[in-house]
Peer 1: 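Would you mind keeping the following structure in view while I ask a few things?
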There are 2 protein chains.
Amino acid sequence: MSMSRGNSPETERRAPLTRERVLRTAVELADEAGAASVTMRRLAEQLGVEPMSLYYHLPNKEAILDGIVDLVFREVEESAGAFDDGGGSNESGAPSETPDVDATWKASLRARILAARRVMLRHPWVPALLESRSGLGLAQARYVDTVVGTLRSGGLPYDLIHHAMHALGSRMFGFSQELGDDAGAGDASDSDAFAQMAEQVPNLAAMLAVVAHDDPDSTLGWCDDQFEFEFGLDLILDGLERQHARTA
Amino acid sequence: MSMSRGNSPETERRAPLTRERVLRTAVELADEAGAASVTMRRLAEQLGVEPMSLYYHLPNKEAILDGIVDLVFREVEESAGAFDDGGGSNESGAPSETPDVDATWKASLRARILAARRVMLRHPWVPALLESRSGLGLAQARYVDTVVGTLRSGGLPYDLIHHAMHALGSRMFGFSQELGDDAGAGDASDSDAFAQMAEQVPNLAAMLAVVAHDDPDSTLGWCDDQFEFEFGLDLILDGLERQHARTA
DNA sequence: ACCTGAACACCGTTCAAGT
DNA sequence: ACCTGAACACCGTTCAAGT
C-alpha cells in the first residue's frame, strides 16, 4: 500500500518488465504458437516493449530458452508437491542392508514421472527444446535429485541408480519421442504414399495393419501414447528392480 | 568416354550440381561444423555456387535436412550389409507356434542397433536433427522395417513388436541422449558452481561422488556412454524377451 | 536503473532474369 | 535445363544514446 516509489496508475497497469515476466510470457508464447515463435522481436511485441529492452533483463536468447525450460520444471515440482522427499541421506557409501528401505520406491517413482508427464503434455515444445539444451538448470537438477533420492530410498546402490538414469533417459522427465508430433506417421501421411511405401517395408506394413485393425481410420497417428509411455516405463522400472534383486 | 555432351575440361573438374552432391556436401559440412552451420548460403559457398542454385535441385531447406538424415540412414543400411533380412513373411496374423522362430533375434537385433550406433557416432548431429523432424524418410523406414522383421522372426506378436518400437524409441537408432553433448554436466561445469549446487541436490551429488570415485578428474563428463547405452538397451531387450516368454 | 533507435551481420526464400 | 542477382521479410545482437 505504500506509495513511496512513484507508482502512477499507468505504471501499475503495465507490470514492470522483469526476468520473471519475460520468461512467463515466453512460455505462454511457446504454448500458443510453438517454440519457433519465441523470438526476441515477437516476445518484445507480446510484452509491449522494444526488442532491445529484453537484453537488460536477460543476457541473450539462450538464457531465455534455458529460463523457460527451468520454469516448466518448477511447474513439475509444484505438481509433485504431494510427494515425500524420500531423501534418506545415508552418508556412508557402503551398500550394506539399510533397515529403512522403502518398498514402494517403484510405485512412487512411477507416479512422479507420470505427474511430470502431465506437465509436459501442457507444454509440448519442451522435449525438443530440452534435447537441444546442454546442461541441467537448477529446477531440472532438483527434479533429478528427487528421482535419485527415491531410488536410493528403495535401497538401490548408487551405481545402479546411475545406470537407471541413463536407461530412463528423457523418460525420466515424462516424455519419450512422440509428445509433440505424430511419430510413426511421416512421408506416408496420405494413404497413397503409404501404399507405395508398403512394398518397400513389408514387415512394418504388416505390423501396422495388425495393430491398427481395431481403429477405424487406417491412417496413422493411432498410437495410444499414454499406454506406450507406461509400457516402456514399466519395462525399465521392472528391469531395474530385477537387477537390484539379483545383487541384493 | 563419349564427348557427345560438350564436356570441357572445366566442367569435368567441377562435378555438376546434383541433389545427391548437395546432400553429400551438406553431410560433410554438418560433420565438420555442426548442424547449425548447414545453411543455404554456406552450403552454396562450399559447393562453389550461388545460394539460389540449390533451389533448382531441392525445394527448400527442410528437404535438405530430411535428405541428409536419409543419407545417414543409407549409411546405416550399408554398415549392416552383413546381416540377414530376417523377413519371415508370416501372412496369417494368428500368433500360433511358428516352427521357424529365430532364437537369436535378441542378439542379432542388438548387433544391428550397435552397428547403427557406430554410424551415428560418426555423425553426432543426427540425433538432435532427427528429433526435430516429423516423419520417417525411406531409408529410415527400411531400417525400422528390418527391426520389425527381426522381432517377428523371433516369434514376437505384432502388438508386442509395436510396444517394443515405442519402448526402444531412439535407442532403436543407436543413440539415447548424450551422443553429441555432455549430458549430465551443464551449469555445473566448473566445480565452484557445482559445489554450490551440491547442497541443493544432495542425492544427485552423492551419486556422482560415488560413481566418479575411480575417475581422477572429478568434473563431469565421465560417463561411459557405450556401457550405459548397452545397459539400457539390454534392459529393454531382456524385458521384451520376458514379456514374450510370459505370453507364449 | 531502465529502456530505446539505428545499424550490422546474418537467415530462408520469391521472382524475374540470364545463358 | 540450369544457374544467377537483386530484393524482401525476417533473425540475434552491439553500441551509443536517451530518460
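Values in this document were obtained by computation on a predicted structure and should not be read as measured data. Throughout, protein chains are lettered first and strands after them, A, B, ... in sequence-line order, and every chain is numbered starting at 1.
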Peer 1: For DNA chain D, what are the stems built from at least three Watson-Crick or G-U pairs in a row, each pair having both distances below 3.5 Å?
Peer 2: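 For DNA chain D the paired stretches long enough to count as stems (3 pairs minimum) are C:4-8 with D:12-16, C:12-16 with D:4-8.
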Peer 1: Between A:Arg122 and A:Asp31, is a salt bridge (charged side-chain N to carboxylate O under 4.0 Å, His left out) present by the stated rule, with each step listed?
Peer 2: CA-CA 8 Å; A:Arg122 292 205 296 264; A:Asp31 286 344; over 6 Å; no
Peer 1: Would you please confirm or rule out a distance under 4.0 Å between OP1 or OP2 of D:dC2 and any side-chain N or O of B:Tyr56?
Peer 2: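 Yes, because at least one side-chain N or O of B:Tyr56 sits under 4.0 Å from OP1 or OP2 of D:dC2.
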Peer 1: Calculate the interatomic distance between B:Met40 atom CE and D:dC11 atom P; express it in whole Å.
Peer 2: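 Answer to the nearest Å: 19 Å.
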Peer 1: If only side-chain N and O atoms of B:Arg42 are considered, is one of them under 4.0 Å from the OP1 or OP2 phosphate oxygen of C:dC11?
Peer 2: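 Result: yes.
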Peer 1: Grab the CD-C1' distance between A:Glu62 and D:dT13 for me, whole Å please.
Peer 2: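 Between C1' of D:dT13 and CD of A:Glu62: 13 Å.
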Peer 1: Quick one: does A:His162's side chain get under 4.5 Å of B:Cys223's, heavy atoms only?
Peer 2: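 Of all side-chain heavy-atom pairs linking B:Cys223 with A:His162, at least one is under 4.5 Å.
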Peer 1: Could you give the CG-to-P distance, from A:Leu54 to C:dG5, as a whole number of Å?
Peer 2: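 Interatomic distance, CG of A:Leu54 to P of C:dG5: 14 Å.
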Peer 1: Nearest whole Å is fine: how far is D:dC11 P from A:Ile64 CD1?
Peer 2: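 Going from CD1 in A:Ile64 over to P in D:dC11 covers 13 Å.
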Peer 1: Check the distance between D:dC2's C1' and B:Leu47's CG and give it to me in whole angstrom.
Peer 2: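 Roughly 15 Å, once rounded to whole Å.
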Peer 1: Just checking, any donor-acceptor pair under 3.5 angstrom between side chains of A:His57 and A:Glu20?
Peer 2: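 No - no donor-acceptor pair under 3.5 Å links their side chains.
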Peer 1: On DNA chain D, check which nucleotide each of B:Arg41 and B:Ser53 is closest to and give me the residue with the more 5' one.
Peer 2: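 So the residue in question is B:Ser53.
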Peer 1: Minimum heavy-atom separation for B:Asp145 to A:Gln200, with atom names?
Peer 2: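 Looking at all heavy atoms of both residues, the closest pair is OD2-O, 4.4 Å.
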Peer 1: State whether the side chain of B:Ser53 and the backbone N or O of B:Val49 hold a donor-acceptor pair below 3.5 Å, judged by distance alone.
Peer 2: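 Here the side-chain-to-backbone pair does not exist.
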Peer 1: Which one, D:dT4, C:dC3, D:dC3, comes nearest to the side chain of B:Met52?
Peer 2: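 The nucleotide sitting nearest to the side chain is D:dT4.
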Peer 1: Round to the nearest Å and state the distance from B:Leu65 atom CG to C:dC11 atom C1'.
Peer 2: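 Rounding to the nearest Å, CG of B:Leu65 and C1' of C:dC11 are 13 Å apart.
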Peer 1: Quickly work out the A:Arg19 CZ to C:dC2 P distance and round it to whole Å.
Peer 2: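 Distance, rounded to whole Å: 15 Å.
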Peer 1: Just so I know, are the side chains of B:Phe173 and B:Val126 near enough to count as touching, which here means a heavy-atom distance under 4.5 Å?
Peer 2: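 Contact flag for B:Phe173/B:Val126 side chains = no.
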Peer 1: Counting only side-chain N and O atoms of A:Thr39, is one of them less than 4.0 Å from OP1 or OP2 of D:dG12?
Peer 2: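 For A:Thr39, the contact criterion (side-chain N or O under 4.0 Å from OP1 or OP2 of D:dG12) is met.
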Peer 1: Mark yes or no: B:Arg117 above the aromatic ring of B:Phe229, with NZ or CZ under 6.0 Å from the six-membered ring centre and no more than 45 degrees from the axis.
Peer 2: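 That pair qualifies as a cation-pi contact.
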Peer 1: Without decimals, in angstroms, what is the distance between A:Leu43 CG and D:dC11 C1'?
Peer 2: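 It is 14 Å, rounded to the nearest whole Å.
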Peer 1: Among the candidates D:dT4, C:dG5, D:dT13, find the nucleotide nearest to the side-chain atoms of B:Glu50.
Peer 2: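 Nearest to the side-chain atoms of B:Glu50, counting from C-beta on, is D:dT4.
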Peer 1: Is there a side-chain contact between A:Tyr55 and the phosphate of D:dT13, meaning an N or O under 4.0 Å from OP1 or OP2?
Peer 2: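 Yes, because at least one side-chain N or O of A:Tyr55 sits under 4.0 Å from OP1 or OP2 of D:dT13.
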Peer 1: Below 4.0 angstrom from OP1 or OP2 of D:dA1, is there any side-chain N or O of B:His57?
Peer 2: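 No, outside the criterion.
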